[in-house]
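All of these numbers come straight from a predicted model, not from anything done at the bench. In what follows, every chain begins at residue 1, and chains take the letters A, B, ... in the order their sequences are listed.
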2 protein chains.
Amino acid sequence: MSKETRTKLEQAVEELNYQPNMVARSLKQKSSTTIGVIVANILHVYSTQVIRAIEDLCHEKDFHLIVCNADDQPEKEKKYIEMLKAKQVDGIIAFPTGGNVALYQQLTEEGYPMVFMDRTVEGLKVDTILLDNKKAAALAADELMNKDYRHLTMVSPPLTHQITPRVERAQEFIKKVQEEDNHTRKLSTISGEIREMKGQLQELFQQKERPDAIFAMNDLTLHEVLSFLKKEKLQIPSDVAVISVDEVSFAAFYTPPLTTISQPAFEMGKKAAEILFSFILEPEKQHRSKIIRFEPTLNRRESC
Amino acid sequence: MSKETRTKLEQAVEELNYQPNMVARSLKQKSSTTIGVIVANILHVYSTQVIRAIEDLCHEKDFHLIVCNADDQPEKEKKYIEMLKAKQVDGIIAFPTGGNVALYQQLTEEGYPMVFMDRTVEGLKVDTILLDNKKAAALAADELMNKDYRHLTMVSPPLTHQITPRVERAQEFIKKVQEEDNHTRKLSTISGEIREMKGQLQELFQQKERPDAIFAMNDLTLHEVLSFLKKEKLQIPSDVAVISVDEVSFAAFYTPPLTTISQPAFEMGKKAAEILFSFILEPEKQHRSKIIRFEPTLNRRESC
DNA sequence: TTGAAAGCGCTAACAA
DNA sequence: TTGTTAGCGCTTTCAA
């Protein structure tokens with residue numbers, strides 16, 4: 001292009017206040033420079049941090065991020081996946097509900113760029129970012145057993161839907177406690193919807209053999225546990241010790257400061273986005289069904 | 001359409017596995033059935049809740065939501081606005097940085113559907129959703145003065161950028177305290193970046209006349225305050241009373257339970273989305289520059 | 001170097 | 001009721 005035409009062009013752009021239309025561009029190029037993320041619930045701190053990390057990378061690459069809230073409802077998830085595809089989104093990062101296996105199967109067969117976060121889906125070959133949940137549960141079990149608590153209670157959201165992190169953490173925690181040679185410790189389990197949790201705790205604590213330690217599976221269950229202990233005026237850790245997975249904003253200045261096992265949410269989100277972008281930009285390189293585990297960190301404080 | 005052709009059509013859809021292409025549709029219709037939200041920082045609980053409310057309404061209306069993180073940087077905000085427009089997004093909900101007045105001005109002149117959240121921008125005629133910040137500050141001041149604390153300290157993020165909620169809350173709090181007839185109370189102010197806050201608190205508390213009450217302007221400053229008090233082993237409320245704007249997840253079961261002034265984030269987000277959709281669907285009705293204030297709620301607990 | 005034209009997949013208007 | 005066609009704004013190819 002000659003210098004002359006260039007200035008002419010720039011002038012015209014200026015005068016007409018020309019704004020390119022990316023929709024037309026997308027139609028032609030078959031790329032929307034947009035990716036979609038389907039989270040179970042954006043209100044979880046973990047989801048927020050993951051979204052933030054993904055969004056940062058999108059910004060860097062001049063992409064946009066469409067955020068969808070599946071609310072753990074397969075129906076909603078399905079609708080979102082279809083809408084995202086119809087909008088020619090270049091790739092999807094999902095916290096899969098597990099209720100749309102056939103649909104996900106189809107997407108992978110079409111070679112649609114996709115990454116799963118936090119959860120695996122049985123039988124699907126999709127790259128997945130997970131916490132090393134066994135390690136997290138082991139860290140919790142060891143910490144409680146080393147301090148010689150005698151009656152451990154695991155508090156968890158529903159274990160019935162085969163949600164990866166819950167199942168893996170629960171299994172490993174139970175295994176660890178039972179593996180112990182002396183078999184002198186008691187282990188109780190509470191699992192159910194958040195709204196029923198306090199009632200279940202109440203029941204457990206009315207029994208003769210009260211737990212002296214609680215393992216809260218995630219941030220929301222931790223809230224329930226702390227709220228319950230407060231209501232019952234139970235002291236941490238003298239009456240009951242507490243340890244949990246997921247870092248919470250107040251852990252360090254709670255009374256007492258809470259021992260937690262945190263997951264590197266930002267790095268995990270960033271990694272998911274990096275993999276997705278490598279799929280989008282170099283589709284031939286897709287090797288699919290890689291599972292990448294991130295290490296949890298024990299933050300030893302004073303609640304156990 | 002006859003019944004016969006209908007079944008034929010459905011069959012064809014099935015066979016060819018036809019998926020409509022919304023990009024082509026958007027190009028023709030000049031509507032992307034997508035809206036954009038530009039938040040200052042998605043990591044704030046308030047932003048998350050607002051996004052959640054907007055997303056819920058989008059889902060209902062078969063729209064999609066593009067989430068952008070401006071990080072309070074006008075440059076980043078500008079890029080996002082331009083990208084969103086280029087993508088023919090049907091409307092924008094923004095937490096404006098205040099650094100792109102001309103650009104926003106242009107958008108309103110074009111009749112581009114837009115709603116501001118949380119912050120106003122001087123001289124712009126844009127519908128805006130705000131908290132009744134004066135009321136919130138007054139609630140805090142009254143609560144502390146009624147309990148007869150003598151040396152009040154207001155802790156705030158930087159007041160230099162004219163960010164609406166900060167300015168309004170600060171002004172009203174100061175006014176309320178000074179209005180008192182006896183003038184016997186002392187008032188200190190700390191304002192600055194989060195990372196400098198602990199140092200400033202330290203300094204203040206080393207002085208002879210120690211504050212006996214703190215008003216934390218939002219959730220992040222509250223974190224700093226609580227963290228500082230914990231470190232200094234200062235008891236709430238016997239050594240220092242605490243009250244804050246923004247509800248935090250742990251308020252009810254903290255030791256002591258925290259008195260907070262909460263804003264109805266979900267309703268505010270929902271309202272913003274409703275207004276935006278009314279602009280999009282009935283553009284003739286736009287009356288612009290309406291300011292809608294929501295009432296804060298005092299949650300009286302035990303920290304003051 | 002510049003200009004012209006085809007076509008992405010859809011919708012809307014018109015014709016048959 | 002059904003079929004045909006123009007055109008949305010861009011990119012890409014080919015011709016001038």
By side-chain contact (heavy atoms from CB on, under 4.5 Å) - contacts of Asp246(B) (at least two apart): Asn218(B), Asp219(B), Gln263(B)
With sequence neighbours excluded, residues passing side-chain contact (heavy atoms from CB on, under 4.5 Å) with Thr108(A): Gln105(A), Met114(A), Val126(A), Arg288(A)
Side chain to side chain donor-acceptor pair (under 3.5 Å) pairs, two or more places apart, involving residues 40-50 of chain B: Arg52(A)-Asn41(B)
Salt bridge (charged side-chain N to carboxylate O under 4.0 Å, His left out) partners for Lys87(B), two or more places apart: none
Residues that Lys79(A) engages under side-chain contact (heavy atoms from CB on, under 4.5 Å), provided they are two or more places apart: Met83(A), His59(B), Asp62(B)
Pairwise side chain to side chain donor-acceptor pair (under 3.5 Å) hits with a residue in residues 88-104 of chain B, at least two apart: Ser31(B)-Asp90(B), Glu77(B)-Thr97(B), Glu77(B)-Asn100(B), Glu77(B)-Tyr104(B)
Rounded (10°) bend between the five-pair end axes of the helix from dT1(C)-dA16(D) to dA16(C)-dT1(D): 50°
Letter per nucleotide, 5' to 3', of nucleotides 4-11 of chain C [B base touched, S only sugar-phosphate touched, - untouched; heavy atoms, 4.0 Å]: ---BBBSB
side-chain contact (heavy atoms from CB on, under 4.5 Å) partners of Thr164(A), counting only residues at least two apart: Arg119(A), Thr120(A), Leu130(A), Glu168(A)
